[in-house]
Amino acid sequence: MTPEASAAAGQGPHPRHALEPLLASAVRLSIVAALAAVEKAEFAYVRDLVEITDSALSKQVSRLEDAGWVTVEKGQVGRRPRTWLRLTEDGAAAYRRHLGALMAIAGPQP
């Protein structure tokens, strides 16, 4: 049944339509989930938490940054360069929508 037919039948569209395609990647979902739990996180912390390489994290963060979901802040701690990642309000909203859709699809848990 199409979303329009479901809506016409009084059922509303299937919750899968609220899933965020950018979060279909388990790695990007893991990055966003890690950032949702904190104000900001150091690049190396997220890399180690998600268990990926620097280059893999950099590539995925670029995709999230292009979408406006993550900001990247560069600076230094002492003489060492550091990079911090922060989930934007749009990113947090997209993450909440995605989680809500997943929960609606899964239904009540025993």
Side-chain angles (χ1 to χ4, degrees):
M1 183 178 291
T2 67
E4 295 79 15
S6 293
Q11 298 172 353
H14 191 276
R16 78 177 177 281
H17 298 292
L19 291 171
E20 293 291 343
L22 197 55
L23 297 180
S25 158
V27 170
R28 282 191 298 272
L29 177 59
S30 298
I31 293 165
V32 170
L35 294 175
V38 297
E39 183 180 331
K40 67 180 180 178
E42 195 171 330
F43 185 94
Y45 170 79
V46 177
R47 177 201 62 211
D48 294 346
L49 183 66
V50 179
E51 300 178 346
I52 56 177
T53 64
D54 285 351
S55 62
L57 179 56
S58 182
K59 179 180 177 183
Q60 298 308 324
V61 165
S62 289
R63 302 255 333 253
L64 293 166
E65 190 177 24
D66 289 346
W69 291 2
V70 169
T71 60
V72 177
E73 176 187 330
K74 298 201 179 262
Q76 287 190 271
V77 175
R79 294 182 176 198
R80 295 182 164 205
R82 293 285 188 260
T83 301
W84 292 273
L85 308 174
R86 182 188 312 263
L87 194 61
T88 65
E89 287 184 31
D90 287 347
Y95 178 62
R96 286 190 301 273
R97 279 192 308 272
H98 190 77
L99 287 182
L102 288 172
M103 290 168 44
I105 291 167
Q109 299 301 303

**Student:** Can you run down the side-chain hydrogen bond (donor to acceptor under 3.5 Å, both in side chains) pairs that involve residues 58-67, sequence neighbours left out, and say none if there aren't any?
**Tutor:** Arg28-Gln60
**Student:** By the side-chain hydrogen bond (donor to acceptor under 3.5 Å, both in side chains) test, which pairs, at least two apart or in different chains, include something from residues 79-88?
**Tutor:** Glu39-Arg86, Glu42-Arg82, Lys74-Thr83
**Student:** Test of understanding: clusters of I, L, V, M, F, W, Y form through side-chain heavy atoms closer than 4.5 Å, transitively. Do Ile31 and Val38 belong to the same one?
**Tutor:** no
**Student:** To the nearest 0.5 Å, tell me how far Arg47 CZ sits from Asp54 CG.
**Tutor:** 4.5 Å
**Student:** Show, in sequence, the C-alpha distance, side-chain angles and deciding distance for Val70 and Leu35, and conclude whether the side chain to side chain contact (heavy atoms under 4.5 Å, CB included) test is met.
**Tutor:** CA-CA 9 Å; Val70 169; Leu35 294 175; 3.9 Å; yes
**Student:** Show me the side-chain donor-acceptor pairs of residues 96-104 shorter than 3.5 Å, one per line, residues at least two apart or across chains.
**Tutor:**
from: Arg97; atom 1: NE; to: Glu20; atom 2: OE2; distance (Å): 3.0
from: Arg97; atom 1: NH2; to: Glu20; atom 2: OE2; distance (Å): 2.8
from: His98; atom 1: ND1; to: Glu20; atom 2: N; distance (Å): 3.0

**Student:** Apply side chain to side chain contact (heavy atoms under 4.5 Å, CB included) to residues Leu85 and Leu64 and explain how you reach the verdict.
**Tutor:** CA-CA 11 Å; Leu85 308 174; Leu64 293 166; over 6 Å; no
**Student:** Other residues, nucleotides and ligands only: do more than 12 of their heavy atoms fall within 6.0 Å of CD on Gln76?
**Tutor:** yes
**Student:** Once you round to the nearest 0.5 Å, how far does OH of Tyr95 lie from CG of Leu87?
**Tutor:** 9.0 Å
**Student:** Can you confirm whether Leu23 sits close enough to Val32 that some side-chain heavy atom of one is under 4.5 Å from a side-chain heavy atom of the other?
**Tutor:** yes
**Student:** Please report the shortest heavy-atom distance between Gly68 and Asp90, naming the atom on each side.
**Tutor:** O-CB, 4.0 Å
